2 protein chains.
Amino acid sequence: MKFAKIPMATIVRLSIYMRTLQELLEDDVDVISSERLAKQCGVNPAQIRKDLAYFGEFGVRGVGYRVNELVNQIKDILGLNRPWNLAMVGLGNLGSALIRHGNFIKHGYMFTAAFDIDPQKIGKRLPNGLIINHVDELEEIIKQREVHVGIITTPASEAQSVANQLVLAGINGILNFAPVQIQVPDCCHVENVDFTIKLDSIAYHLSFGS
Amino acid sequence: MKFAKIPMATIVRLSIYMRTLQELLEDDVDVISSERLAKQCGVNPAQIRKDLAYFGEFGVRGVGYRVNELVNQIKDILGLNRPWNLAMVGLGNLGSALIRHGNFIKHGYMFTAAFDIDPQKIGKRLPNGLIINHVDELEEIIKQREVHVGIITTPASEAQSVANQLVLAGINGILNFAPVQIQVPDCCHVENVDFTIKLDSIAYHLSFGS
DNA sequence: TGAATAATGTGAATAATATCACATTATTAG
DNA sequence: CTAATAATGTGATATTATTCACATTATTCA
């Protein structure tokens, strides 16, 4: 898998196609054309075909794509046909809410560690059964439990230091909810989720038209 | 303001520059070059200059940019030098956590309405003083309180119907946390926040190298 | 079987975006 | 005051991403 250099935008769109295809599956649709899928995802049909073409041929000419096959093929492409273990660092409002949020589980992600520094929280059991550990134990526990991805939901001020510790513990993927740009070595891939930036985009659009 | 067609990516980057500049302000930096700012934001220096050039000349040749002036100029560009009122629809784990999360306030956004359908929640007072109303009252309250942006944190199944109601109530901007693609008329601008998609990108990178 | 239809896969064309490179303008120091 | 240095603003260039358009292949129906 993976021949040419794949645009990041393609990867993101593949996730979106997959989500939509999974919904279609639930509605018992078993074949779909790039045209119909494109409409549902809000993209151009050729875009879908090109995105998939980076990785092979998955459709049937004159017919379309078999939905359940394509879901699995996209999962293969993205590396989702295996479990991924997550560690949450920072169990404030947001962190706790995310752990309780069903969407991670639904897509095959599993929380296997949770950290905070608040003595009041250490040792507490979360609704999913996980016990909150002190950040001091981060490296050891992350290695022990084979965590793959760290999620940072600490205040901005702590994010960089947490990121450093995650990297030290051997983590190569970070999902960062703290509103700062964290610096990591090239071996580590960071994705940022900053909703106030999205709000800024909305504000811009509302202020100055499309 | 706004002469040529501005790339969406530019708008997003302007938010990021602004965040970084605000941090610099707190550290009493008062002038910065595009080169240093670029490094901190992880972009190319020429990119910053080009992004700003869409809107005017904000720097001083041979010197750089005055940090506090530039923050304000970017706020003007994005339409952030005014209050924006938000309505939260869906007060489950995520919605409640977001309302309590300080980041919206910090950037000038204000929650002025909150809606749910759970009878247990209706009438309850949130930590910020807001009282939760039934979604049936959405249109009336949104108009009354001059809400500008709706935030959807309902289950996926409810998101489209909530979006429809928001549009009916005159809302032109939606921040959607539900993991579905919602359909709205062109007058309404939607931004999606889907962290499982970001996780998928991380999974891909971890599986197949950069 | 063969013609009509449908929809993929893909090279070529187009459009959008990012980067380079340098002319221009401030500042500083001798 | 002049030369050296620093850093912006921007036309030109390079790169990347998207869309078009059509050849190809599967299916259906007469």
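Convention: sequence-line order gives letters A, B, ...; per-chain numbering from 1. Because the structure is predicted, anything quoted here is derived from the model rather than measured.
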Between [N] ([atom2]) and [X] ([atom1]): distance, integer Å:
X: A:I32; N: C:dA7; atom1: CD1; atom2: C1'; result: 13 Å
X: B:K5; N: C:dT17; atom1: NZ; atom2: C1'; result: 11 Å
X: A:L37; N: C:dG9; atom1: CG; atom2: C1'; result: 16 Å
X: B:Y54; N: D:dG9; atom1: OH; atom2: C1'; result: 14 Å
X: A:L70; N: C:dT8; atom1: CG; atom2: P; result: 11 Å
X: A:I48; N: D:dC20; atom1: CD1; atom2: P; result: 14 Å
X: B:F58; N: C:dT25; atom1: CZ; atom2: C1'; result: 18 Å
X: A:F55; N: C:dG9; atom1: CZ; atom2: P; result: 14 Å

Quick check for you: among [options], whose closest atom lies nearest to any side-chain atom of [X]?
X: B:V63; options: D:dA7, D:dG9, C:dT27; value: C:dT27
X: B:S34; options: D:dT8, D:dG9, C:dA18; value: D:dT8
X: B:K50; options: D:dA12, C:dT8, C:dA26; value: D:dA12
X: A:Y65; options: C:dA18, C:dG9, C:dA12; value: C:dG9
X: B:A53; options: D:dT10, D:dT19, C:dA18; value: D:dT10
X: B:N44; options: C:dA21, C:dC20, C:dG11; value: C:dC20
X: B:P7; options: D:dT18, D:dA17, C:dT17; value: C:dT17
X: A:R49; options: C:dT10, D:dT10, C:dA26; value: C:dT10

Check this for me: does any side-chain nitrogen of one of B:E35 and B:K39 sit under 4.0 Å from a carboxylate oxygen of the other? no
Identify whether the distance between the nearest side-chain nitrogen and carboxylate oxygen of A:R19 and B:D200 falls below 4.0 Å.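 So A:R19 pairs with B:D200 through a salt bridge.
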Considering only heavy atoms and no angle criterion, is a donor-acceptor pair shorter than 3.5 Å present between the side chain of B:R61 and the base of C:dT24?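 Checked by distance alone, the answer is yes.
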Which residue, A:E57 or B:G62, contacts DNA chain C at a nucleotide closer to its 5' end, judged by nearest heavy atom? A:E57
How do A:R66 and A:T10 order along DNA chain D: which one's closest nucleotide is nearer the 5' end?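 Nearest-nucleotide comparison on DNA chain D picks A:T10.
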Hey, which of these two, A:A46 or B:E35, hits DNA chain D nearer its 5' end, going by closest nucleotide?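 Nearest-nucleotide comparison on DNA chain D picks B:E35.
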Could you let me know what D:dT19 is paired to, Watson-Crick or G-U wobble, both distances under 3.5 Å, or none if it's on its own?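 Matched D:dT19 with C:dA12 under the 3.5 Å cut-off.
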Which nucleotide, if any, forms a Watson-Crick or G-U wobble pair with D:dA30, using both distances under 3.5 Å?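 WC or wobble partner is C:dT1.
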Of B:V29, B:I16, B:I32, which is the lone residue that meets side chain to side chain contact (heavy atoms under 4.5 Å, CB included) with B:L21?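 Among B:V29, B:I16, B:I32, the one meeting side chain to side chain contact (heavy atoms under 4.5 Å, CB included) with B:L21 is B:I32.
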Please work out which of the three classes, parallel, tilted or perpendicular, describes the rings of B:Y204 and A:F55, given edges at 30° and 60°.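 Judged by the thresholds at 30° and 60°, the geometry between A:F55 and B:Y204 is perpendicular.
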Which word best sums up how the rings of A:F104 and A:H101 line up, parallel for under 30°, tilted for 30 to 60°, or perpendicular for over 60°? perpendicular
Contact check, side chains of A:E191 and A:N176, non-hydrogen atoms, under 4.5 Å: no
Indicate, with a heavy-atom threshold strictly under 4.0 Å, whether A:R36 touches base, sugar-phosphate, or nothing. nothing
If the cut-off is 4.0 Å, is B:Q47 near the phosphate of C:dT17, judged by side-chain N/O to OP1 or OP2?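 Answer is no, no contact under 4.0 Å.
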